[in-house]
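To keep things clear, I will list the structure first and then write my remarks on it.
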Amino acid sequence: MPPSPTTATAEGAAAQFSDVTRSDASLRGFLHGLPGVDQVGADARAAALGTRSIKTTAKAYALDLAIRMVDLTTLEGQDTHGKVRALAAKAMRPDPADPTCPATAAVCVYPDMVATAKEVLGDSGVHVAAVATAFPSGRAALDIKLADTRDAVEAGADEIDMVIDRGAFLSGRYLQVFEEIVAVREACARADGSSAHLKVIFETGELQTYDNVRRASWLAMMAGGHFIKTSTGKVQPAATLPVTMIMLQAVRDFRETTGQMVGVKPAGGIRTAKDAIKYLVLVNEVAGPDWLDPDWFRFGASTLLNELLMQRTKMTTGRYSGPDYFTLD
């Protein structure tokens, strides 16, 4: 398994682009100088890659890989500690009847539920991710966003999913967005010198153009984000194949430029095993096989896991279990 990203590499990314990020004008010049996205071509290529199919042992491997990439998520106002405990238990043993079924990558919750999830997950290897920075709107003062982040990290969060200020980004205040990502990344630091990993959410359904998705991707990577993430799941459209393809192109190009890998997380609207496999094909064809690992690619989902489990059971037993066979999340 490739090494996970570290604070050192994140800081290195920010330092490498210090000339670009010294002013709003220089940052705007860089971002608007990125190659434009051919929307028709992007849609066509994503659609073509989405028609690929895999069978038998390759499909079985893909299902298990997709399960290992799931950030099992509950982000509702009605969340309870009991629900989070049950979700964390399911993340560790998605199919209690089959001990060969892999665990998910993480459980994603609001900051006030981090301690509860951490208590259940312990040292299982399943991470706790917390949404922060006034999720999902991002509409709060910076000191509040930073306090939100620090509270989640102190409670035991391994990963922080922050949202960018889309109003600032769409107004062209790129340096403000950059500096906010840097500040949140620094707030992910722990007293022992380690750091929670930072996922930067764009809310691509509000970014209006594919060019903006590419610009946001580079902005977040230059600021030291460990992952770039499509959506909160609260706005439609959420994750789409073309948008994810553009983000995968960006992380690929970023590694070619800097030598540093950044992960990608599509979230929202990915509900079927067939859809998940389409994304895995996209990852392999666009970014490359190095990203086919939970360290570098995740699915943000609440209902996808059950569908993956149903397909997995069908492949191993020959029988298709209905959705009531597994716990509802």
Side-chain angles (χ1 to χ4, degrees), residues 1-2 37-73 94-95 98 100-105 204-205 210 213 227-231 233 236-252 263-326 329:
M1 182 179 293
V37 180
D38 176 352
Q39 181 171 343
V40 174
D43 288 342
R45 187 179 183 211
L49 290 173
T51 64
R52 302 272 181 89
S53 63
I54 57 176
K55 306 293 183 185
T56 59
T57 54
K59 183 176 181 181
Y61 175 80
L63 291 173
D64 277 6
L65 178 58
I67 291 171
R68 293 171 50 223
M69 289 174 164
V70 168
D71 282 1
L72 192 56
T73 302
D95 185 354
D98 184 356
T100 69
C101 182
T104 69
T204 51
Y210 290 169
V213 173
F227 261 75
I228 52 176
K229 177 178 172 183
T230 62
S231 323
Q236 295 300 323
T240 67
L241 285 173
V243 157
T244 305
M245 183 181 73
I246 291 162
M247 292 167 64
L248 288 165
Q249 291 170 342
V251 298
R252 176 200 64 201
V264 176
K265 178 180 174 181
I270 305 170
R271 297 184 175 88
T272 69
K274 185 176 181 180
D275 285 342
I277 290 173
K278 288 180 181 180
Y279 278 90
L280 295 182
V281 170
L282 197 71
V283 172
N284 187 64
E285 295 294 326
V286 176
D290 286 352
W291 272 267
L292 287 173
D293 187 287
D295 277 348
W296 305 110
F297 193 79
R298 299 279 185 85
F299 293 107
S302 57
T303 59
L304 174 62
L305 180 58
N306 273 7
E307 167 68 12
L308 292 169
L309 293 174
M310 286 189 284
Q311 293 295 332
R312 188 178 190 275
T313 300
K314 181 175 184 293
M315 290 201 71
T316 56
T317 68
R319 300 185 303 275
Y320 189 84
S321 301
D324 56 347
Y325 182 81
F326 301 101
D329 307 320

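Computed over heavy atoms, backbone and side chain alike; hydrogens, waters and symmetry mates excluded.
Screening Lys278, Arg52, Arg45 against Glu285 for a salt bridge (Lys or Arg N to Asp or Glu O under 4.0 Å) leaves a single residue, Arg52.
Within the 4.5 Å cutoff, no side-chain heavy atoms of Asp71 are placed close to those of Thr104. Gln311 has its side chain out of reach of Met315: every pair of non-hydrogen atoms, C-beta onward, lies at least 4.5 Å apart. Between Leu280 and Met69 the shortest side-chain heavy-atom distance falls below 4.5 Å. At a threshold of 4.5 Å between non-hydrogen side-chain atoms, the residues Leu304 and Val70 count as touching.
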### Message
Applying side chain to side chain contact (heavy atoms under 4.5 Å, CB included) to Asn306 and Leu309, what does each step give before you reach the verdict?
### Response
CA-CA 5 Å; Asn306 273 7; Leu309 293 174; 4.1 Å; yes
### Task
Kindly determine whether Thr100 and Arg312 satisfy side chain to side chain contact (heavy atoms under 4.5 Å, CB included), including the steps that lead there.
CA-CA 11 Å; Thr100 69; Arg312 188 178 190 275; 3.2 Å; yes
### Task
Carefully, step by step, assess Val283 and Trp296 under the rule side chain to side chain contact (heavy atoms under 4.5 Å, CB included).
CA-CA 10 Å; Val283 172; Trp296 305 110; over 6 Å; no
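Of the inter-residue distances, the one linking Gln249 atom CD with Leu282 atom CG reads 8.5 Å to the nearest 0.5 angstrom. Between the OH atom in Tyr61 and the OG1 atom in Thr57 there is a gap of 11.5 Å [rounded to 0.5 Å]. Annotation: the span from Met310 atom CE to Asp95 atom CG amounts to 12.0 Å, rounded to 0.5 Å. Separation of atoms OG1 (Thr240) and CD1 (Ile246) is listed at 7.5 Å; rounding is to 0.5 Å. Distance check: Leu305 CG to Cys101 SG gives 7.0 Å after rounding to the nearest 0.5 Å. One finds the OG1 atom of Thr244 at 6.0 Å from the CZ atom of Phe297 (value rounded to the nearest 0.5 Å).
Heavy atoms only, all atoms of each residue included: Ile270 and Pro266 are closest at CD1-CB, 3.7 Å. When all heavy atoms are compared, the tightest approach of Thr73 to Ser302 is O-CB, 3.3 Å. For the residue pair Pro102 and Arg68, the shortest heavy atom distance occurs at CB-CG, 3.5 Å. Considering every non-hydrogen atom in both Gly268 and Ala238, the closest pair reads O-CB, 3.3 Å. Shortest non-hydrogen contact noted between Leu63 and Ala273 is CD2-CB, 3.9 Å. Shown here for Pro294 and Leu65, the closest heavy-atom pair between the two residues is CD-CD1, 4.4 Å.
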